[in-house]
Visitor: 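Structure below; questions to follow.
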Amino acid sequence: MSLLRRLLTVSIFTLLFTANGHSADTGPTQAEKVSAIQGVQTTGITVTDAGRIFTNAPNWRDGVPFAVAEVDRDTGEYLPYPNSAMNRCVADSTARDDCFLAVQSVVAHDNKLYVLDTRNPKFQGVVDAPRIFVLDLDSNKLERVLLLSNAGYHPDSYINDLRIDRAAGRIYMTDSNHPGLVVYELAQGENGDKGKSYRVLDDHKSTRAEQDYLTIDGKRWNNTVHSDGIALDLKDKVLYFHALTGYTLYAIDTRYLEDSGDAAAHVRRVARTSAPDGMILDQQGNLYFADLENHKILYRDPAGETHVLVEGDRVRWADTFSIHDGMLYYTNSRIHEVTGPIDDMEFGIYRVPLPGL
């Protein structure tokens with residue numbers, strides 16, 4: 001079967017329906033399917049200021065056809081990005097410096113695409129330094145590669161997600177397999193060296209999982225996933241983070257995320273929440289996160305009240321979020337449903353309007 005055939009997608013929906021009221025199937029808002037792909041489990045999603053859509057497929061099994069793809073807005077096709085050559089490491093299961101090996105997250109920021117490569121294929125251990133590939137979205141060319149230094153990761157790390165703080169000159173990341181946060185100092189990495197990276201809250205209570213399972217559809221999903229979701233409040237300079245198998249949202253002011261600093265003394269417990277995966281903040285200060293166990297996406301407003309944004313069959317492990325033009329985009333990675341081959345499973349990208357729009 002050709003790559004193009006394998007990357008079969010459903011057509012883009014053109015009508016967004018807003019439900020009147022609240023039902024078990026649709027929630028307050030009906031989610032709109034943007035695109036979908038069969039047989040390729042996608043986790044990350046990011047939408048650029050210009051409306052370009054990028055997603056990623058993690059290296060969790062043999063036969064993954066791409067690590068990063070751009071979704072064609074006209075045809076709905078998933079096209080390996082920036083080209084097939086940079087996606088060959090996944091198919092070949094080889095660790096080379098010139099291609100993606102085990103991508104877990106993609107984030108668009110300032111007309112750049114930041115591609116987080118765990119370098120931990122199939123959770124078998126880190127084979128070389130985890131890194132961030134930075135691509136220029138005008139030229140679609142690789143601009144630079146930011147390598148984590150030895151102080152930034154452990155042999156069993158799975159660097160999960162990232163947020164960029166240009167004002168502080170840093171990138172913040174979570175490690176979902178060896179609990180902790182990772183800080184990368186951008187200034188040094190831009191000078192062409194390996195860059196300075198370090199860990200904070202390493203194996204701290206706030207970054208550790210609270211239990212080793214979730215209960216979804218009456219079934220126990222057994223796994224221990226530590227610090228995972230991450231969201232950055234640039235206005236108030238606060239970083240939020242959350243274990244996936246846990247129910248506590250934590251925060252820390254970014255000024256305390258210093259190397260050799262006492263970050264643990266400044267962590268604060270924000271709220272008891274659902275068990276989420278990814279998180280994101282909008283410009284109004286609403287914090288979005290999933291309720292994985294109940295097929296919902298929730299948001300916590302600036303006053304501390306929690307609301308349901310969407311729920312039902314179109315929320316099937318809402319994994320990662322991106323915001324563009326008044327819409328919240330998310331992926332359904334269906335992690336709890338995967339028990340064997342995924343050839344017949346569909347993995348979609350959806351969107352819903354932000355509250356008040």
Side-chain angles (χ1 to χ4, degrees), residues 3 6-7 37 39-48 52-71 78-109 112-137 140-148 152-153 157-164 171-177 182 184 225 228-230 277-278 319-322 329-333 335 338 342 347 349:
L3 178 62
R6 176 158 190 173
L7 305 188
I37 187 167
V40 183
Q41 188 175 21
T42 53
T43 55
I45 173 69
T46 192
V47 184
T48 72
R52 296 173 68 181
I53 301 172
F54 296 91
T55 189
N56 71 271
N59 191 344
W60 290 347
R61 59 183 56 84
D62 291 333
V64 179
F66 62 76
V68 180
E70 180 171 6
V71 180
Y78 287 55
L79 306 173
Y81 183 85
N83 50 51
S84 296
M86 281 204 68
N87 285 269
R88 286 302 304 168
C89 284
V90 176
D92 296 342
S93 295
T94 56
R96 300 200 312 265
D97 291 336
D98 61 350
C99 56
F100 309 131
L101 176 64
V103 172
Q104 179 58 31
S105 180
V106 287
V107 174
H109 182 82
K112 313 289 183 187
L113 184 67
Y114 292 77
V115 177
L116 177 56
D117 192 331
T118 69
R119 309 302 277 191
N120 185 345
K122 302 177 180 67
F123 298 103
Q124 294 178 354
V126 176
V127 298
D128 57 3
R131 61 202 62 192
I132 302 167
F133 293 86
V134 185
L135 296 109
D136 180 83
L137 289 172
N140 297 314
K141 301 290 186 182
L142 180 65
E143 186 175 273
R144 62 187 184 276
V145 181
L146 309 177
L147 300 177
L148 295 193
Y153 66 96
S157 284
Y158 194 85
I159 311 300
N160 188 276
D161 206 352
L162 67 94
R163 291 294 178 265
I164 300 158
I171 297 176
Y172 308 113
M173 292 164 272
T174 49
D175 188 337
S176 61
N177 205 48
V182 181
Y184 186 96
V225 186
D228 190 292
I230 186 171
D277 198 322
D319 195 303
T320 307
F321 304 123
S322 186
Y329 288 73
Y330 66 94
T331 55
N332 275 336
S333 62
I335 289 174
V338 176
I342 63 170
F347 300 90
I349 295 171

Visitor: Are any of the side-chain heavy atoms of R119 and L148 separated by less than 4.5 Å?
Guide: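 Result no, sub-4.5 Å side-chain heavy-atom pair not found.
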Visitor: Please step through side chain to side chain contact (heavy atoms under 4.5 Å, CB included) for the pair F347 and V40, ending with a clear verdict.
Guide: CA-CA 7 Å; F347 300 90; V40 183; 5.6 Å; no
Visitor: Could you pull out the closest heavy-atom pair between A67 and V90, with the gap in Å?
Guide: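 Minimum heavy-atom contact is CB-CG2, 3.5 Å.
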Visitor: Let me see the working for D136 and K112 under side chain to side chain contact (heavy atoms under 4.5 Å, CB included), right down to the final yes or no.
Guide: CA-CA 5 Å; D136 180 83; K112 313 289 183 187; 3.1 Å; yes
Visitor: Just so I know, are the side chains of P121 and V127 near enough to count as touching, which here means a heavy-atom distance under 4.5 Å?
Guide: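 The answer is yes; the side chains approach within 4.5 Å.
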Visitor: Return the minimal non-hydrogen interatomic distance between S157 and V126, and the atom names on each side.
Guide: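 Closest approach of S157 to V126: O-CG2, 3.3 Å.
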Visitor: Are any of the side-chain heavy atoms of F54 and L135 separated by less than 4.5 Å?
Guide: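 Result no, sub-4.5 Å side-chain heavy-atom pair not found.
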Visitor: Nearest heavy-atom pair of L137 and R52: which atoms, and what distance?
Guide: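 The pair with the smallest heavy-atom distance is O-NH1, 2.8 Å.
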Visitor: Taking the side chain as every heavy atom from C-beta outward, state whether W60 and I335 have any pair of such atoms under 4.5 Å apart.
Guide: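 The answer is yes, as the side chains (C-beta and beyond) meet within the 4.5 Å cut-off.
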Visitor: Examine distances only and state if a side-chain atom of R61 and a backbone atom of I342 form a donor-acceptor pair shorter than 3.5 Å.
Guide: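 Not confirmed, R61 side chain does not pair with I342 backbone.
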Visitor: Quick one: CG on D98 to CG on L142, what's the gap to the nearest 0.5 Å?
Guide: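 These two atoms lie 9.5 Å from each other.
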Visitor: Rounded at 0.5 Å granularity, tell me how far OG in S333 sits from CD1 in I45.
Guide: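 So the gap between those two atoms works out to 12.5 Å.
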Visitor: How are the rings of F100 and F133 set to each other: parallel, tilted or perpendicular (split at 30° and 60°)?
Guide: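 It falls in the perpendicular class, over 60°.
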Visitor: Mind running side chain to side chain contact (heavy atoms under 4.5 Å, CB included) on T43 and Q104 for me, showing each step along the way?
Guide: CA-CA 7 Å; T43 55; Q104 179 58 31; 4.1 Å; yes
Visitor: Can you find a heavy atom in the side chain of H109 that is under 4.5 Å from one in the side chain of T46?
Guide: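 Not in contact.
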Visitor: Ignoring hydrogens, what is the shortest heavy-atom contact between D117 and L101? Give both atom names and the distance.
Guide: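 That would be OD2-N, 2.7 Å.
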Visitor: What distance do I159 atom CD1 and I171 atom CD1 have between them, rounded to the nearest 0.5 Å?
Guide: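 Answer rounded to 0.5 Å: 12.0 Å.
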Visitor: When rounded to the nearest 0.5 angstrom, what distance separates CD in Q41 from CG in N332?
Guide: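 Answer rounded to 0.5 Å: 11.0 Å.
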Visitor: For residues Y81 and V115, determine if any side-chain heavy atom of one lies less than 4.5 Å from a side-chain heavy atom of the other.
Guide: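 Heavy-atom side-chain distance check fails, nothing below 4.5 Å.
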Visitor: So, for N87 and V68, which heavy atoms are closest and what is the spacing to 0.1 Å?
Guide: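 Reported closest heavy-atom pair: OD1-N, 3.0 Å.
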Visitor: Whether the N56 and S105 side chains hold a donor-acceptor pair (N or O, under 3.5 Å, no angle test) is what I'd like checked.
Guide: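 No donor-acceptor contact under 3.5 Å links the two side chains.
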Visitor: Please check if the side chain of T118 supplies one atom and the backbone of Y158 the other of a donor-acceptor pair under 3.5 Å.
Guide: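 No, T118 side chain to Y158 backbone: no donor-acceptor pair under 3.5 Å.
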Visitor: Measure the OH-CG distance between Y184 and L146 for me, rounded to the nearest 0.5 Å.
Guide: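 That separation rounds to 4.0 Å.
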Visitor: Would you check if the side chain of T174 reaches a backbone N or O of G229 as a donor-acceptor pair within less than 3.5 Å?
Guide: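 Checking the backbone N and O of G229 against the side chain of T174, no donor-acceptor pair under 3.5 Å is found.
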Visitor: Can any side-chain N or O of T55 pair as donor or acceptor with the backbone N or O of G44 at less than 3.5 Å?
Guide: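 Present.
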Visitor: Do I230 and M173 come close enough that some side-chain heavy atom pair is under 4.5 Å?
Guide: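 When only atoms from C-beta onward are counted, M173 and I230 do not touch, as no gap falls below 4.5 Å.
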Visitor: Spell out, as yes or no, whether a donor-acceptor pair under 3.5 Å connects the side chain of N160 to the backbone of D175.
Guide: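 Pair absent, no side-chain N/O of N160 close to backbone of D175.
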Visitor: Heavy atoms only: give me the nearest I53-V47 pair and the separation to one decimal.
Guide: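 Looking at all heavy atoms of both residues, the shortest contact is CG1-CG2, 4.2 Å.
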Visitor: Run the numbers on D62 and K122 for salt bridge (Lys or Arg N to Asp or Glu O under 4.0 Å), then give the verdict.
Guide: CA-CA 9 Å; D62 291 333; K122 302 177 180 67; 3.4 Å; yes
Visitor: Please enumerate all residues that pass salt bridge (Lys or Arg N to Asp or Glu O under 4.0 Å) together with D161, with sequence neighbours excluded.
Guide: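 By the salt bridge (Lys or Arg N to Asp or Glu O under 4.0 Å) rule, D161 matches R163.
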Visitor: Rounded to the nearest 0.5 Å, what separates atom CD1 in I349 from atom OG1 in T42?
Guide: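 If we round to the nearest 0.5 Å, I349:CD1 and T42:OG1 are 6.0 Å apart.
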